[in-house]
Every structure is written in structure tokens, then in C-alpha cells.
Amino acid sequence: MVAVRPAQASDLPAISALDARLTGTCKPEYWRERLAPGLHFLVAETGKGAFAGFIAGEVRAWEFGQPPAGWVFAIQIDPKLRLKGAGSALFEALVARFKAEGVTRVRTLVDRKDHLILSFFRAQGMVAGPSLQLDKELP
Amino acid sequence: MKLQTATRLGLYATLELARDPAQTLSSADLADRFGVSTHHLAKVLRTLSTAGLVQAERGASGGYRFTGNRRRITLMDVVALFEPVPGNRAKEPGEDTEIGGALQRVLTEIDEIAEATLRSVSLETMLTKG
């Protein structure tokens, strides 16, 4: 059984540590900023109250010329607690908040070599969107 | 993206059998369902069986049964049995030239996107999200 609730300042060390462990990048300030009002930042806990993971997102309008949509900026689940529904519970809770804000579309950006997270979003029913991300290294 | 006939049949058969792992279907049943050649499908089923995705059942109600893990097996796992794995290919003539190299970078980009898509869609996702 997984419970989802809004993230609090006291969750930041666990969030930051899990993200640093999984991405190799420590960015506590970024996570602190995600607590700002108007953004959605949720954590999942196991039935025993253990921190299982988090999701961060917000509704943004007219990004890249697109009408308002909910953007998922990050989702991380403790590898020991995966496949127990925490990721799906977080995604569903975030989507419910997006819908409450009146949007009908959810978006994200995923590293195309990260098949694990790609599979996760596919399993949530997400498919390739209308945009292609382009990139260039600046000299 | 155009798949070879064997690949398409492999995906049809795998998905149809994975829809209900308890069911056993013969190559004729499957060929009927998709309106394709039984002979061609029988060959494809042997490849799927060797790969451990399906298992041949003997007897009067013989046929094939899905034996894989729907959540773990992706479209790429089936495609890779019949098509060259993207990125794993022999060098083409002219690739060492400036134009050949530039063309190859575009083709590699397309391959990577195709591979990411096929690797991210599990049989479970196909069967539940349609």
C-alpha cells in the first residue's frame, strides 16, 4: 500500500539524496525551489511510512507555443521499492492535480536511452508527442 | 517504418498468444486470425519458440502457448529476432566520406529513436493501452 502526499521541507534531504544516488548529480537548491506555491511536488510513502520516491511537475502555458499542459519534470522511485505501484500512484496523483487545474494533457521529456523511464511513461499510456526536442552543443 | 513480414507475423503471434497465456493456438489458428500464410507463420513460431517466448504443446489440442513475461518483454525483443539490431550493422561504402558521415549521423538518429520506441513498449503496455 502506497500513500501519496505533498512534499514538505523535511522531505528535502531524502529527495535530494535519492536523486543524487540515481542521477549522480546533487542539486538540493533545485528541489527546494520545487516547494514554491503553484508547483506540484509529491512524495510516496510505503505503508510503514518509509520514503519511497517523489514526483515534480507544474502546469505551464504556451511553452513552445503549446496551450496549457501539465509537465512532469522529475520522478524517482527508490530502486528497492520499485514495482510496488509507487510510481503509478505518484503519476496518477499528479495527473489528478493537473486535471483540477483544468488541463487535459500531460507532457514530459525523457532521455531516449533511458528505456526504464520510457517504459514507465508508456505504461501510463503516454505516447510520442507532437514536438521533437532539438539540441546543439555551443562552442 | 517498414517491418519485414516475418517481424510483423512474430509481433502478431506473440501479442495474440500473450493476450491470454493460458490459451494454446496452432499456427493455422493464428494464420486464420490475421489472414496470413500458415507456412510462413509456422517458421516464425519456431523462431519465437527457440527464443523462449512461446512453447510448442503436443497432442490433439497442440499448438503454441505464450511463456514469456508480458511486463518484461518489449516489442524490441521480438523485432530483434527477425531484423538487424539498430546500430549493429556493417559499414556501408562511402560512409567514410564527409557526405557519407553526415548522412550516417541522420540515419543513426532515426535508428536511435526507433529503438527507444520499440524498447519502451512492453507487451503488457500494448495489450492494456492498445
Side-chain angles (χ1 to χ4, degrees), chain A residues 2 22-23 52-53 55 64 70-77 79-92 94-96 98-99 104-139, chain B residues 1-3 7-8 10-12 14-15 18-21 51 53 66 68-89 98 101-130:
Chain A
V2 174
L22 298 176
T23 65
I55 194 166
F64 313 108
W71 285 78
V72 182
F73 292 134
I75 178 164
Q76 297 287 14
I77 307 296
K80 293 194 299 289
L81 301 170
R82 284 182 188 164
L83 298 175
K84 295 186 191 326
S88 298
L90 283 166
F91 184 82
E92 281 159 21
L94 182 62
V95 163
F98 287 158
K99 280 164 89 172
T104 55
R105 189 155 288 275
V106 57
R107 296 215 152 94
T108 193
L109 276 179
V110 182
D111 181 333
R112 67 176 175 234
K113 296 206 168 131
D114 191 342
H115 301 133
L116 184 73
I117 190 72
L118 265 172
S119 303
F120 169 76
F121 283 122
R122 287 273 181 184
Q124 305 304 319
M126 293 185 83
V127 298
S131 314
L132 264 182
Q133 184 214 338
L134 298 177
D135 228 285
K136 181 186 178 184
E137 181 137 343
L138 299 178
Chain B
M1 183 181 189
K2 176 104 175 97
L3 295 173
T7 315
R8 186 173 288 270
L11 288 166
Y12 284 167
T14 306
L15 286 161
R19 192 197 293 271
D20 175 9
L53 296 183
F66 179 72
N69 180 333
R70 277 173 42 148
R71 292 184 68 174
R72 294 272 173 207
I73 295 166
T74 68
L75 297 184
M76 189 71 214
D77 293 321
V78 180
V79 171
L81 297 174
F82 303 98
E83 310 254 353
V85 176
N88 186 10
R89 45 168 206 91
E98 196 182 325
L103 178 62
Q104 198 45 53
R105 279 194 290 282
V106 175
L107 298 179
T108 301
E109 189 179 315
I110 295 169
D111 276 351
E112 278 185 17
I113 294 170
E115 185 184 352
T117 304
L118 293 170
R119 276 199 199 286
S120 67
V121 183
S122 66
L123 302 185
E124 179 79 14
T125 297
M126 281 294 283
L127 293 168
T128 54
K129 308 284 173 190

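Letters A, B, ... mirror the listed sequences (proteins, then strands); counts begin at 1. Excluded from the calculations below are hydrogen atoms, water molecules and symmetry mates; all remaining heavy atoms, backbone and side chain alike, are included.
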Side chain proximity check, R122(A) to S120(B), heavy atoms < 4.5 angstrom: yes

Note: E115(B)-R112(A) ion pair, threshold 4.0 Å (strictly below):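 R112(A) and E115(B): not salt-bridged.
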
Point-to-point distance, once rounded to the nearest 0.5 Å, from OG1 of T125(B) to CZ of F120(A):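 It is 10.5 Å, given to the nearest 0.5 Å.
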
Value rounded to 0.5 Å, distance of CG in L134(A) from CD in E109(B):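 Answer for the CG-CD pair, L134(A) versus E109(B), is 7.5 Å.
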
CA sep, side-chain torsions, deciding dist, call: M76(B), H115(A), side-chain contact (heavy atoms from CB on, under 4.5 Å): CA-CA 11 Å; M76(B) 189 71 214; H115(A) 301 133; over 6 Å; no

CZ (R72(B)) with more than 12 external heavy atoms under 6.0 Å: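 Incorrect, the count does not exceed 12.
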
Part of T117(B) lying under 4.5 Å from any heavy atom of chain A: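 Contact with chain A involves both backbone and side-chain atoms of T117(B).
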
